[in-house]
Participant: 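Provided herewith is a single structure, encoded as structure tokens, for subsequent inquiry.
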Amino acid sequence: MEYDFRQIEKKWQRTWKQTGAYTVSNDNDKPKFYVLDMFPYPSGAGLHVGHPLGYIASDIFSRYKRLKGFNVLHPMGFDSFGLPAEQYAIETGQHPSDTTEKNIQRYHQQLDNIGFCYDWSREVRTSDPSYYKWTQYIFLQLFDSWYNRILQKAERIAILTAIFEKEGNVNLPAPGNKDLAFTASEWTTYNEKTRLNTLMQYRLAYLAYGEVNWCEALGTVLANDEVVNGVSERGGHPVVKKKLHQWYLRITEYGDRLLQGLEQVDFSDAMKDMQRNWIGKSQGAEINFTLTPPSPRRGEGPGKHPYEDEKTLISEIEAKEKRPGQGYADYKVFNEMSFENANENRANPTEAEHVLWNALKNKGTGFKFRRQHPIENYIADFVCLNVWLIVEIDGAYHNRPEQKDIDRKRDEDLQKIGFKTLRFTNDRVLQNIDGVLEEIRKLCEDQRSNRITNDHTGENDDQRQSADGPSPLRGEAGVRVYTTRPDTIFGVDFMVLAPEHELVKQITTADQQKEIDDYLNYVQTRSERERLAEVKSITGAFTGAYVSNPFDGREIPIWISEYVLAGYGTGAIMAVPCGDQRDYNFAKHFNIPITNIIGDAYNGEEANPTKDATLHNSGFMNGLVMRDAMPVAIDKIEELGIGKHQVNYRMRDAGFSRQRYWGEPFPIVYKEGIPYPLTESDLPVELPYVDSYGPGPEGEGPLANLKDWVLLPSPVPGEGPGMRETNTMPGYAGSSWYFLRYMDPHNQKTFVDRKAADYWGQVDLYIGGTEHAVGHLLYSRLWTKVLCDLGYIGFDEPYKKLVNQGMIQGSSRFVYKLVVKKSNEDRDQIKQRVISEIFYSLSYYLEFKQGRLKDDDLMVLLNQVSGGKAYNLIPRNENFSIDIVPIHVDVKYFDGVELNIEGFRKSKSEFTEAIFVPEKDGKYLSGAEVEKMSKSKYNVVSPDDIVERYGADTFRMYEMFLGPIDQSKPWDTKGIEGVHRFLRKFWRLYVDEVKGLIVTNEEPTPAELKVLHRTIKKIEDDTGRFSFNTAVSGFMIAANDLADLKCHKRAILEPLLILITPYAPHIAEELYQMLVVSSSLSPGEGRGEVPEGRGEVSVLNATYPTLEEKYLVESSKEYPLSINGKVRSSLTLPLDMPQQEVEAQVLENDVVQKWLDGKAPKKIIYVKGKMINVVT
RNA sequence: GCCCGGGUGGCGGAAUUGGUAGACGCAGCAGACUCAAAAUCUGCCGUCCGCAAGGAUGUGCUGGUUCGAUUCCAGUCCCGGGCACCA
């Protein structure tokens, strides 16, 4: 009886399906084990042989664990929302749900062919409303949560509002806006809109107006990890920054926990490093350097204020006003004098100011005002810092046209910083103080709402990176920097601001204005891509302004440069050229003198970023090692009140909206611009069916075109109309929690029952590719932590162990085509002309490229194979030259590297008449190269073809045999023969072609038992450590040994079947059934066909054989006998022989005597059970 | 540039704690069976010298530690992956 894998595999796949062999119960006494694959996106191309690698590994492990007595959950599903289906829909007009369904069918079939043990009754599809209902539900939970930094966990919004009512937000600075501050009583005065806007600054899923990665070609925004080198990860389209209203997940709040969680999970170091890198936590200090007034000493003269010329005018007016000096103060350039002026003015208010102040100071508006308060370059009459509102009272001179310009400029300047100015005339204040107050109050409220909502400015939004609450000193004049090296503060030689930094326009001196403007222009004209593509060049400009070093008072010039990013830290750095290479390069380029604070450690030619040098020129820190100086510096900085210890993260909050159709709709409705969550009973918000997938108006998604769907007459009974959110969720939404749904896939009440979640718990083994290191894995970890904090599940890391499978690369094949070029023309104009399809075999190509074959030689060869027609085929004259170029050919036309010429001829009409110049032995050989498997390289191998030709068991074992699971390796179809031969050999241990089953009940010999138990040990060890390739070789060795021993004994062969079941389940089941139905055997007796439908006894549920060490115990060992470390001979000795006797035996050995040549050895090294070495 | 991996026959790879380098398989060569083919089986298979016995050499390169190094240490080159002006 032959090994008929086709019939066997089909039969058992059918049987297992019928008997529900893979159905898993949540109610089981056995210990649980959860094995998960990263579920696939069902693409139109189907699976290639690279995809199942991880699935096979997890399948083997699942089956192994099941045989070892575990209740194993091993599910599969589809990540079926996503861009490609939509792109395909745009191109072909087919609805994504149709193509997705079709693709899933195909995947199903392909996966089933390979014989995986998935419990398909638990299948999930992220695009199925019954699934995404719960994705939407979890989104609502994120929306209804905030991160309590004190308790380090997510809590419900209701808890937050309760706290606000009690104590305002003094202890809970808003992560979305660190300048937001209000008291309990202020909170109680807030209207609904203000409250909701305030809460939005805390929610874990929040809406904000911010800079996003906009991809025009895809018509959507992309998350940071979906942008690679300034272009989209999918498709490589350009990505630009754009400001849009977007949903975000506040992942930055979880930065620390995501970092700490890595300590508890078993991921590869590379994977952990990638995540740590992405999170990018750094410790340092934020320091404020105060601006120094322009000083004549520097020979630049005082910075000339644009309105200095107005002095005459002013004095004129002053004479008429009641208070001399006041007018001038308005335009005074900011310096220390401002404070004096302010104090002076407070003492001398005008009458109108006095009246208004009395009304404002006892909170007549409900908002706190200050008077005569310096703000940047100006002094405001009245200001409410909470809502950024300035109130000015204007005297008569403000009516003059010149003054109006000045006022407008002033208002604009303040507007740029964020202040709104409200102006009243003296008369109005004096005549209608109540009306003025009401107007101020109203504007305050508006300002408050606006400020709360509009503060998410994407990349410029530094508050989202700082976990430590509000930063000091806003509005105080100075340059705030973030540094990880406060110990180097005495080495600061200049400051650098990002070009976009808000201070730039305020501090630039008149002299430097042009230079700065030119530089800003230059920066603006450069796209993101240019900046990235360009080799780092040193550019920058000097602002003309200075700060002083708080420790030694040194004046430090302020520069701007592209190399400082607006989006990280404070957007400004203190440059220490002796310790930072970029600062060094910048200093050299612009001739800025460098201060050395590390003595000999600095060689003057490059920066030295060491932390181990001793500090010089560093005031009170002199003599300290830098590493130790850091806390000293921070303490001092905090003591002086000029800064504080600060933790920064590189990671940004995750954008959560896409302007696409094929994704989860948001369960959100807008009323008067405010987003409201729908209730659970409104879920799922089903994705409406559309016919066109074009973008909506103003960067909105396709859903915005569905007016009927968008407009809700009355979202909540008894309330006004609302508009649906038209964005959809990104690809990672559904995949962030799918592992939970498998545990309880049909639950209608909740996304996973707590009992089911408690039973299955963490995924014990997760297998997938490294490409999800910072995307899916990080988001999935975040969701798990939130759901754990909120009490839905009892663990906060989803995946206990992660194994990354490597890529299977394609092996491309080339043929070498002759082309004729016109050679006497410009390079660009060379016209390639194909006279006929002529292909040279590999060796000619190589020799031609090495110059060992010339054009004429090629012609001679061609003449031979074409029967003397070469010169008819290729018209030759001196204007032409010939060349050979490699072209990709589909691997299916090759047997190894030999071309199947007939098959190739048939593949395309132009090849039918092709001429081949073969090697001397008549074979046409191709070139081969290892490349990524892809359609365009014609090197894709489909698992379907392989399974059809060799069977699923062979395919499974071969994929494992290729090499270590986590390594990338090329596919080589030829090599599969070896594994297939092995399985046939394995089969022949049990079944004879003629006699049928030949398994006997004879007693096994010690040698046979040794083979079995050695194999048990090997397979258990190797499977346990995911070394599947060596396990397969272990099976081969066992089969070879047993065949040599002519062993056909049931006592050996039955346990062996169970061992191989995880790897090759079909053949194992077939043979097992034969053995089971023939319980008493004599030689030659055996059943042939095994009937279908026998589910009650199955090798899938057999008991795993137990290793018995006693069969492996050896009494003697053949030792390698080496002399001076080189093996010269071997010597078999009993293992229990004492050392002295061993040494005596060794000395008697002929080979040893020969090498000793009569001399006594210096030493004999004897390692019991390992080796013997004689040292002469 | 920084951070991780990795360099072993013609090829995929093995050597789990420092102890016989090249398991297992592919490809190749020689042979058996066969009218023939397929299938199967046997032998050889890192390189160099040698008929052989045997010897020399050999895990990217240069050193070191050790009785003994693919394995540990230092330096260096190359390949792959990740991050990339992150202060």
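Quick caveat, the model's predicted, so the values are computed rather than measured. Proteins get letters first, then strands, A, B, ... in listed order; numbering begins at 1 in each.
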Participant: Strictly below 4.0 Å: does A:R1128 bring a side-chain N or O up to OP1 or OP2 of B:A53?
Facilitator: no
Participant: Please pick, from B:C83, B:C26, B:C24, the nucleotide with the shortest atom-to-atom distance to any side-chain atom of A:N277.
Facilitator: B:C83
Participant: Would you measure the distance from the C1' atom in B:G18 across to the matching atom in B:G68 and give it in whole Å?
Facilitator: 8 Å
Participant: Quick one, A:E1143 and A:V1146 - any side-chain contact, counting heavy atoms below 4.5 Å?
Facilitator: no
Participant: Suppose you measure atom P in B:G50 against the same atom in B:A39; what distance do you get, rounded to whole Å?
Facilitator: 38 Å
Participant: When you compare B:U76 with B:G82, how far apart are their P atoms, in angstrom units rounded to a whole number?
Facilitator: 25 Å
Participant: Let's see if you can work this out: which of B:C83, B:C67, B:U57 has an atom nearest to the side-chain heavy atoms of A:V1175?
Facilitator: B:C67
Participant: In terms of side-chain heavy atoms of A:R650, which of B:A23, B:C83, B:C26 is nearest?
Facilitator: B:C83
Participant: Touch check for A:W1155, heavy atoms < 4.0 angstrom, all strands: base, sugar-phosphate only, or nothing?
Facilitator: sugar-phosphate
Participant: Nearest to the side chain of A:A270, which nucleotide is it out of B:G12, B:A23, B:C4?
Facilitator: B:C4
Participant: Expressed as a whole number of Å, how far does the C1' atom of B:G19 sit from that of B:C3?
Facilitator: 35 Å
Participant: Can A:N585 and A:Q581 be counted as having a side-chain donor-acceptor contact under 3.5 angstrom?
Facilitator: yes
Participant: Classify the side-chain pair A:N1173/A:S1122 by whether it contains a donor and acceptor separated by less than 3.5 Å.
Facilitator: yes
Participant: For B:A37, which nucleotide is its Watson-Crick or G-U wobble mate, given both distances must be under 3.5 Å?
Facilitator: none
Participant: Considering residues, nucleotides and ligands other than A:K1017, do more than 12 of their heavy atoms fall under 6.0 Å from its NZ?
Facilitator: no
Participant: Answer yes or no: does a side-chain N or O of A:R276 lie under 4.0 Å from OP1 or OP2 of B:G82?
Facilitator: no
Participant: Counting side-chain heavy atoms from CB outward, which of B:C26, B:A87, B:A14 is closest to A:N1029?
Facilitator: B:A14
Participant: Which nucleotide sits closest to the side chain of A:M1036: B:C24, B:A87, B:C4?
Facilitator: B:C24
Participant: Return no unless some side-chain N or O of A:Y482 is found under 4.0 Å from OP1 or OP2 of B:A87.
Facilitator: no
Participant: Go nucleotide by nucleotide along RNA chain B from the 5' end; which of A:M574 and A:P970 gets its closest nucleotide reached first?
Facilitator: A:P970
Participant: For A:Y522 and A:Y519, what are the C-alpha separation, side-chain angles and deciding distance, and is it a ring pair (Phe, Tyr, Trp, His ring centres under 6.0 Å)?
Facilitator: CA-CA 5 Å; A:Y522 157 79; A:Y519 187 67; 5.7 Å; yes
Participant: Determine the interatomic distance between P on B:A27 and the same-named atom on B:G75; round to the nearest Å.
Facilitator: 44 Å
Participant: When you measure from the side chain of A:K969, which nucleotide among B:G12, B:C24, B:G82 comes out closest?
Facilitator: B:G12
Participant: Quote, to the nearest angstrom, the P distance that separates B:A52 from B:C44.
Facilitator: 15 Å
Participant: Should the heavy atoms of other residues, nucleotides or ligands under 6.0 Å from NZ of A:K272 be counted, would the total exceed 12?
Facilitator: yes
Participant: Could you tell me the Watson-Crick or G-U partner of B:A15, where both distances fall under 3.5 Å? Say none if there is no partner.
Facilitator: none
Participant: In whole angstrom, give me the gap between the P atoms of B:U57 and B:G6.
Facilitator: 30 Å
Participant: Considering only side-chain heavy atoms of A:L565, which listed nucleotide, B:A87, B:A27, B:U40, is closest?
Facilitator: B:A87
Participant: Can you build the contact string for nucleotides 16-21 of chain B? Use B for base contact, S for sugar-phosphate-only contact, and - for no protein heavy atom under 4.0 Å.
Facilitator: B--BB-
Participant: Which base, if any, makes a Watson-Crick or G-U wobble pair with B:C2, both distances under 3.5 Å?
Facilitator: B:G82
Participant: Whom does B:U70 pair with, Watson-Crick or G-U wobble, provided both distances fall under 3.5 Å?
Facilitator: none
Participant: For A:Y563 and A:F586, I'd like to know if the aromatic rings sit close, meaning centre-to-centre distance below 6.0 Å.
Facilitator: yes
Participant: Consider the side chain of A:Q967, meaning its heavy atoms from C-beta on, and name the nucleotide among B:A87, B:A27, B:G13 that approaches it most closely.
Facilitator: B:G13
Participant: Could you walk me through whether A:T1030 and A:D1022 pass the side chain to side chain donor-acceptor pair (under 3.5 Å) check?
Facilitator: CA-CA 7 Å; A:T1030 52; A:D1022 288 353; 2.9 Å; yes
Participant: Give the nucleotide from the list B:C83, B:C24, B:C85 with an atom nearest to the side chain of A:Y563.
Facilitator: B:C85
Participant: For B:G75, what is the paired nucleotide under Watson-Crick or G-U wobble rules, both distances under 3.5 Å?
Facilitator: B:C61
Participant: Would you say a side-chain N or O of A:R984 is under 4.0 Å from OP1 or OP2 of B:U40?
Facilitator: yes
Participant: Under 3.5 Å, is there a donor-acceptor pair between the A:S812 and A:N939 side chains?
Facilitator: yes
Participant: With both distances under 3.5 Å as the test, what is the Watson-Crick or G-U wobble partner of B:C51?
Facilitator: none
Participant: Need the glycosidic conformation of B:G60: syn if within 90° of 0, anti if not. Which one?
Facilitator: anti
Participant: So A:F986 and A:Y990, would you call those rings parallel, tilted or perpendicular, with 30° and 60° as cut-offs?
Facilitator: tilted
Participant: Would you measure the distance from the P atom in B:U65 across to the matching atom in B:G28 and give it in whole Å?
Facilitator: 47 Å
